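What follows is a single structure, written as structure tokens, with notes after it.
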Amino acid sequence: MSFRLSRLTTLASRCRPRTLRGRLSLVALTTATLVMVILTVVFNAVVRHHLQQQADDELRTRAAAVAATVDTRHHPVRVLEAPDDARLDTNVWIYAGGRLLEHPTSAPAGATVTRTAARLAAPGHRGCAALETDAPIRLCAEPVGDTPGGAPLAVVVTAMDLGPYRASADTLLGASMALDGAVLLGTYVLTRLAVGRALSPVRDMTDQAAQWSAVTSEERFSAAALPTELAQLGSSLDELLDRIRAVLRHEQQLTRELSHELRNPLARITAELDWWQTRPRSAAETHGSHASIADAAESMRTICDILLDDARATAHTAPGTCDVMAVLRRLTDRLATSGKVTITVTGPDTLVAGVPSALLERIVSPLADNALRYAHARVGIRVFHDPDRIRVEVVDDGLGVPPSFVGQLFQPGRRADAEDGHGGAGLGLPLARRLARSAGGEVEYDAEQTAGAGFVVSLPAG
């Protein structure tokens, strides 16, 4: 049984239309079919009931006409002769009590239709009855006169062949079914045409999108000739394409800048190796070449690490919490390798950030590296708590950021002075901001800092 149900389910899923046009047409056809079936059933039921009422009215009219020929003033009851008696007595039974006074010659006393007429004439069995024989027959009883006890003196039973009425009802049923088929066919065809016409702008938009390039094409969906719903969809897609273009342009610019930054140390390594191979070198010169090559290799490794961290920042940040002061003290202990610049960390020991410790360290590390690179003697890291936020300020006592360069601070590969004698690829600040934003935070430049440079990191509290 379960195997058959599975096969039926699979067959139904295969037969179900796959296009929106086909599905909407099927829904419209199904709805119209249900409505037409209900209307057809109700209409034909009403028609059959009306035809039966017409047959009963005609039978009672004939019975009333025959009752006029029954004389109940004398005993026993007798039937008077009337003009056109043969036509009037067709399919008529007259009973006086239990005595059959008259019956059709075509229906003898023992016939089934006569027994049915006798049952209708019996006390307590008035009304009409149907008899299904070779031809459907309808019989109705009409009482004539009353006895002192309330029983009728005679009963007239008339019969009628329902064949013509049934034929009329069947003809109406066939006509209504044919009309239903025509209406359903028209509904399906018109629905497909209407849905196809309504979806034609969607096909045009699909064809346009397949021919465009999100990076180079300036084409966009025209909302002027579209319906309101599709115009809103086109506007949303245009905004999405604009964002995609902006992201791709940014990534292309970052790739070019990384390529440029990697090319410089690679050129230094190549030059040192070529120079070292062209002529003999002293031990001091060889040591200097090795140091230069190692410095260039370290620069390339730093750029690659930054690129990997940036790639991790684009992924979903794992939830977690960390002790802010413990992470910052561990970071400053690692960075304070020389006594030239002093690093201090201040703040309450009870602050908890809603980010993992490794992420907090990667966010603050580029800011601290920059501060150490440009500070004269002091770098301060201060931590404090805002409502629902943890703020970390990194301040140095260096020359600060030139006002003309403030707007380019967080652009990848940009440096205020590339010839200032400090290393760096100009990627630390953009990376710190990206990592902070991936965790629901932010990195901003403190423009109110009067001496040196200051940056503020805000992160969710744990």
Side-chain angles (χ1 to χ4, degrees), residues 38-177:
I38 294 173
L39 292 178
T40 301
V41 171
V42 172
F43 172 74
N44 283 275
V46 171
V47 167
R48 287 180 180 273
H49 179 73
H50 180 68
L51 291 176
Q52 181 174 307
Q53 288 294 330
Q54 284 186 338
D56 292 348
D57 291 343
E58 184 175 348
L59 287 172
R60 291 190 178 95
T61 301
R62 290 179 55 195
V66 173
T69 65
V70 178
D71 184 7
T72 59
R73 293 173 298 176
H74 300 85
H75 185 76
V77 176
R78 62 178 180 172
V79 179
L80 303 176
E81 295 298 329
D84 201 10
D85 186 65
R87 180 179 300 178
L88 186 63
D89 291 340
T90 302
N91 294 331
V92 172
W93 291 260
I94 302 175
Y95 291 88
R99 184 165 54 94
L100 178 61
L101 300 180
E102 189 172 308
H103 65 84
T105 57
S106 59
T112 303
V113 65
T114 302
R115 290 196 299 270
T116 304
R119 187 171 67 252
L120 288 175
H125 291 81
R126 301 294 181 266
C128 299
L131 181 62
E132 298 293 337
T133 56
D134 295 338
I137 298 175
R138 184 76 172 171
L139 297 95
C140 286
E142 182 73 18
V144 180
D146 291 327
T147 63
L153 293 172
V155 176
V156 177
V157 179
T158 55
M160 177 184 292
D161 183 8
L162 293 181
Y165 294 91
R166 295 282 180 90
S168 299
D170 293 340
T171 301
L172 287 175
L173 176 61
S176 60
M177 293 181 66

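Numbers here are sequence positions counted from 1. Here the structure is a predicted model, which means the values were calculated and not measured. Side chains included, hydrogens not; waters and symmetry mates left out as well; all remaining heavy atoms used.
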Least distance between heavy atoms, [X] atom then [Y] atom:
X      : Y      : result
Ala141 : Val157 : CB-CG2, 4.0 Å
Leu120 : Cys128 : CD2-C, 4.4 Å
Asp161 : Pro136 : OD1-O, 3.0 Å
Pro143 : Pro152 : CB-CB, 3.7 Å
Ala169 : Asn44  : O-OD1, 4.1 Å
Ala63  : Glu142 : CB-CB, 3.5 Å

With a 4.5 Å cut-off on side-chain heavy atoms, are [Y] and [X] touching?
X      : Y      : result
Val156 : Arg60  : no
Leu51  : Gln54  : yes
Arg62  : Val92  : yes
Leu139 : Trp93  : yes
Arg138 : Tyr165 : no

Distance from Ile137 atom CD1 to Leu162 atom CG, nearest 0.5 Å?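 Spacing of CD1 (Ile137) from CG (Leu162) equals 8.5 Å.
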Rounded to the nearest 0.5 Å, how far does OG1 of Thr158 lie from CD of Glu58?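 Spacing of CD (Glu58) from OG1 (Thr158) equals 9.0 Å.
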If we ignore hydrogens and angles and just use 3.5 Å, is the side chain of Thr69 paired with the main-chain N or O of Ala65 as donor and acceptor?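 Checking the backbone N and O of Ala65 against the side chain of Thr69, no donor-acceptor pair under 3.5 Å is found.
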